[in-house]
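Right, one structure below, let's go through it.
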Amino acid sequence: MAMFPRDLLAGDTETAARRLIGARLVRGSGPEARTGRIVEVEAYIGLEDLASHARTGRTKRNAVMFGPPGAAYVYLVYGMHNCLNVVTEAEGRPAAVLIRAVEPIAGVDEMRASRLGVLGGGSGRRETAAELSRRRVETLPKARLAAGPGLVCAAFSIDRRDDGRDLCDPASPIRLEITDEDEQLPIAVGPRIGIDYAPEPWLSRPWRFFVPGHASLSIAEARDRRGQAS
DNA sequence: GCAAAGATTTGCT
DNA sequence: GCAAATCTTTGCC
């Protein structure tokens, strides 16, 4: 296992997004480390991308997107879900790749616990919500534990305290790694999800990248696929 | 200073 | 298939 090279994030974001498919997201170290393979991402590219948080210019929330590549941009959506992005391109140009789905590989019990809000220092759900969904999460198939952008953060205990963290730093509690053992995964493309507020051509830009047919794809991707079925 | 909507997920009608 | 949950950020008065 080696760290994900920062160079691969410093260039254009579409290429970076493709390179992130198959890379590993890691939380912690030792026997309790959580590891998963990234299987679905979306690219948000530049000030001109009217689907991007950076479309309004630099703000307190999106400041990290304007910084150096390799940083984590973590934000809260709908008042309850955290989403993790990997900042790309040169410092000064706002771009990032949203991690939409991860296939759990190791630390599955810890991911389940984090989804239930049991683990400390994390982004788990509130106690009442955990009560309601406890049985569901306990019996959830391993492949579905991080099958969505909000679920990735819930499973890996990521919240806005992680905003700005360097994902290419081996000492970081949350980081990106690669292995040479993994075969090259097939990659499919499609329009980004949940950006109905964006005008064309941004609405239809094929900037979502995913492993076709993978069991850990986001719910939204599965729904989208049903719609496309002919 | 206030109203509105959001790069989502879940459960119910 | 639709709406609720929930709170921060943004946009407009």
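Naming convention: chains lettered A, B, ... in sequence-line order (proteins, then strands); numbering from 1 in each chain.
- What separates CD1 of Ile195(A) from P of dT8(B) is a distance of 10 Å, to the nearest Å.
- Hydrophobic clustering keeps Leu145(A) apart from Met80(A) (ILVMFWY residues linked when any side-chain heavy atoms are closer than 4.5 Å, directly or through intermediates).
- To the nearest 0.5 angstrom, Tyr75(A) atom OH is 9.5 Å from Met65(A) atom CE.
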- Message: Go through it in stages, so that I can follow the logic: the residues are Ser114(A) and Arg27(A), the test is side-chain hydrogen bond (donor to acceptor under 3.5 Å, both in side chains), and I'd like the CA-CA distance, side-chain angles, deciding distance and then a yes or no.
- Response: CA-CA 12 Å; Ser114(A) 185; Arg27(A) 164 113 216 178; over 6 Å; no
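- Proximity note for Leu151(A) (side chain, C-beta onward) versus dT10(B), dT9(C), dT8(B): the nearest is dT10(B).
- If you take OH on Tyr44(A) and CG on Leu98(A), they are separated by 5.5 Å, rounding to the nearest 0.5 Å.
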- Which dot-bracket string describes DNA chain C (Watson-Crick N1-N3 plus N6-O4 or O6-N4, or G-U N1-O2 and O6-N3, all under 3.5 Å; [ ] crossing; | other strand)? |||||.||||||.
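- The residue Leu98(A) sits close to a base: some heavy atom pair falls under 4.0 Å.
- Note that CZ of Phe210(A) and CD1 of Ile38(A) are 16.0 Å apart. Values are rounded to the nearest 0.5 Å.
- Atom CG in Asp196(A) sits roughly 13 Å away from atom P in dC2(C) (whole-Å rounding).
- Taking the salt bridge (Lys or Arg N to Asp or Glu O under 4.0 Å) definition, one finds that Arg175(A) meets it with Glu177(A), sequence neighbours left out.
- Here Arg100(A) reaches the OP1 or OP2 of dT8(B): one of its side-chain N or O atoms lies under 4.0 Å away.
- Residue Arg205(A) contributes atom CZ, which lies 18 Å from atom P of dA7(B) at whole-angstrom precision.
- Annotation for Arg24(A): atom CZ counts as buried by contact number, over 12 foreign heavy atoms lying within 6.0 Å.
- For the segment residues 53-69 of chain A, residues with any heavy atom less than 4.0 angstrom from an atom of DNA chain C are, sorted by number, Thr56(A), Thr59(A), Arg61(A).
- Here dA7(B) presents its C1' atom at 16 Å from CD1 of Ile219(A), a figure rounded to the nearest Å.
- Here the P atom of nucleotide dT9(B) and the CE atom of Met80(A) are 11 Å apart, to the nearest Å.
- Stacking between Tyr78(A) and dG6(B) is absent: the aromatic ring centre is not both under 5.5 angstrom from the base six-membered ring centre and within 30 degrees in plane angle.
- By the salt bridge (Lys or Arg N to Asp or Glu O under 4.0 Å) test, Arg93(A) is found to be paired with Glu48(A), Glu89(A), residues two or more places apart in sequence or in another chain being considered.
- Here the CZ atom belonging to Arg6(A) is positioned 4.0 Å from the CG atom belonging to Asp166(A), to the nearest 0.5 angstrom.
- As rounded to the nearest Å, dA7(B) and dG1(C) have P atoms that lie 23 Å from one another.
- Rounded to whole Å, atom C1' of dT9(C) lies 14 Å from atom CG of Asn82(A).
- Residue contacts shown for Ala198(A) are absent, as no nucleic acid heavy atom lies under 4.0 Å away.
- Distances from the side chain of Asn85(A) to the nucleotides dT6(C), dA7(B), dT10(B) place dA7(B) closest.
- If you take CG of Asp163(A) and C1' of dT9(C), they are 14 Å apart, rounded to a whole angstrom.
- A salt bridge does not link Asp163(A) to Arg160(A): none of the charged nitrogens lies less than 4.0 Å from a carboxylate oxygen.
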Below 3.5 Å, can you tabulate the donor-acceptor pairs from side chains in residues 100-107 of chain A to any protein atom, sequence neighbours excluded?
unit_1, atom_1, unit_2, atom_2, d
Arg100(A), NE, Glu40(A), OE2, 2.9
Arg100(A), NH2, Ser218(A), OG, 3.4
Glu103(A), OE1, Arg37(A), NE, 3.3
Glu103(A), OE1, His214(A), NE2, 3.2

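- Aromatic ring pairs are classed by plane angle as parallel below 30°, tilted from 30° to 60° and perpendicular above 60°; the pair Trp207(A) and Trp202(A) is tilted.
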Shorter than 3.5 Å, N or O on both sides, protein versus nucleotides 3-5 of chain B: list them out with atom names.
none

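- Here dT9(B) presents its P atom at 12 Å from CG of Leu140(A), a figure rounded to the nearest Å.
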